[in-house]
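Inspection log for the structure reproduced underneath, given as structure tokens.
Note that the structure is a prediction, hence the values are computed from the model and not measured. Below, chains carry the letters A, B, ... as their sequence lines are ordered, and counting in each starts from 1.
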Number of protein chains: 2
Amino acid sequence: MRLSTRTRYGIRAMLELAENVGRGPLQLRIIARRQDISVKYLDQLMTILKSAGFVRSIRGSKGGYVLARAPEQIKLNDVFNCLEGPVVTVECTENENYCARAADCVARQVWTQVQEAVMAVLQSITFQDLVDRTKNNKSPDYQI
Amino acid sequence: MRLSTRTRYGIRAMLELAENVGRGPLQLRIIARRQDISVKYLDQLMTILKSAGFVRSIRGSKGGYVLARAPEQIKLNDVFNCLEGPVVTVECTENENYCARAADCVARQVWTQVQEAVMAVLQSITFQDLVDRTKNNKSPDYQI
DNA sequence: TAATATACTACTAATATCGTAGGAATTGGG
DNA sequence: CCCAATTCCTACGATATTAGTAGTATATTA
């Protein structure tokens, strides 16, 4: 159960956009440099995020990317699902008919519990929350 | 973030052994048939579980496998870790020095939160719990 | 000694991941 | 109108992992 770089990079890129709200479009090049990600790879990730409706693009010179919605309206769970796929994919938790024993399968119950725990965390956090947390981390009050 | 069959099969095999406690060794062949897993593949999984100390093997005729500890003393988390590896592997959650920005990286905080949520679920369940749940599921009281 | 098990090692097909590469299309500014 | 900057699109490839299959060696019981 390891996270793909796709998801990790994608969420970090979204965070960059969230921090840039109100300052116009942000370029791939900039995001890639700040987050230490290959421009070309990030290019593909943004395509996914764009077609899922999380970001908007402005083409041409002075173009770039902006969030399609306000940061407080985008939950981590949404983006996670888009990039990583359904949380904890075990076929039988999604499709009751996948296995004949599903009804009294305790293993299935466990995976469902795990799944719900992960979703609960990711659903409770928006990109605005992450922006706020970043500010707190950078605040002088928190320096040692 | 999908579970490998390795983990799923392994946990189901362990559950079979937990249900068989006190009845002597259980053969690979039997477990494989009941759980619909390839005998040869299960063979390899049991090798892993054995070297991790979760099961003991009895070789030769009338041999098989038994749990190495009482079912109430084996948490799902232990077996999960053994088969699937660390929960939610993101290098930076395990190794603070992996990334220079780790200290104030909010993405890292998120993955830590997710990780802890999963571990909390898996740590709260033992194989004895699963045996009990199975009995409840099979009890006539629960039939419709 | 025969039958039944586990133990061990090697191989393989399929798939996914994590990119790299190259060029086409669009836009803003001089 | 032209050039530079930027997104858009498609194809390719190297690497690793997964989910097995296969064959043989070793141990134990009866």
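Close to C:dT4, at under 4.0 Å from its OP1 or OP2, lies no side-chain N or O of B:Arg29.
The distance from atom CD of A:Gln35 to atom P of C:dC18 is 16 Å, rounded to the nearest whole Å. When rounded to the nearest whole Å, the span between NZ of B:Lys50 and C1' of C:dC8 equals 11 Å. At whole-Å resolution of the value, CD1 in A:Ile37 and P in C:dT17 are 17 Å apart. Note: CD1 (A:Ile48) to P (C:dA16) measures 14 Å, nearest angstrom. The CG-P distance, from B:Leu45 to C:dA7, rounds to 13 Å in whole Å. Taking atom CE of residue B:Met46 and atom P of nucleotide C:dT9, one finds them 18 Å apart after rounding to whole Å. Rounded to a whole Å, the CG atom of B:Leu49 is 12 Å from the P atom of C:dA7. As rounded to whole Å, 17 Å separates atom P of C:dT4 from atom CG of B:Leu26.
Distance check, rounded to the nearest 0.5 Å: CZ of A:Arg56 to CG of A:Leu17 gives 11.5 Å. Atom CG in A:Asp78 sits 11.5 Å away from atom CG in A:Leu49 (nearest 0.5 Å).
Sorted by residue number, the members of residues 3-18 of chain B with any non-hydrogen atom under 4.0 Å from DNA chain D read B:Ser4, B:Thr5, B:Arg6, B:Tyr9. Within residues 56-66 of chain B, the residues having any heavy atom closer than 4.0 Å to DNA chain D are, in order of number, B:Arg59, B:Gly60, B:Ser61.
For A:Glu91, there are no side chain to side chain donor-acceptor pair (under 3.5 Å) partners at least two apart in sequence or on another chain. Among residues two or more places apart in sequence or in another chain, the side chain to side chain donor-acceptor pair (under 3.5 Å) test is passed with B:Arg8 by none. Residues passing the side chain to side chain donor-acceptor pair (under 3.5 Å) test with A:Asp129 are A:Thr126, sequence neighbours excluded.
Remark: A:Glu96 engages A:Arg108 in a salt bridge, criterion side-chain N to carboxylate O under 4.0 Å.
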Distances under 3.5 Å between protein N/O atoms and the N/O atoms of nucleotides 21-23 of chain D, please, pair by pair.
{"from": "D:dT21", "atom 1": "OP2", "to": "B:Ser38", "atom 2": "OG", "distance (Å)": "2.9"}
{"from": "D:dT21", "atom 1": "O4", "to": "B:Gln44", "atom 2": "NE2", "distance (Å)": "2.4"}
{"from": "D:dG23", "atom 1": "O6", "to": "B:Lys40", "atom 2": "NZ", "distance (Å)": "2.5"}

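Here the side chain of B:Thr47 pairs a donor or acceptor atom with the backbone of B:Asp43 at under 3.5 angstrom. Distance alone, capped at 3.5 Å, places no donor-acceptor pair between the B:Glu72 side chain and the B:Gln128 backbone. Within the 3.5 Å criterion, the main-chain N or O of A:Ile74 finds no donor-acceptor partner in the side chain of A:Arg69.
Aromatic ring pairs are classed by plane angle as parallel below 30°, tilted from 30° to 60° and perpendicular above 60°; the pair A:Trp111 and B:Phe80 is tilted.
At most 12 non-hydrogen atoms from other residues, nucleotides or ligands lie less than 6.0 angstrom from CG of B:Asp36.
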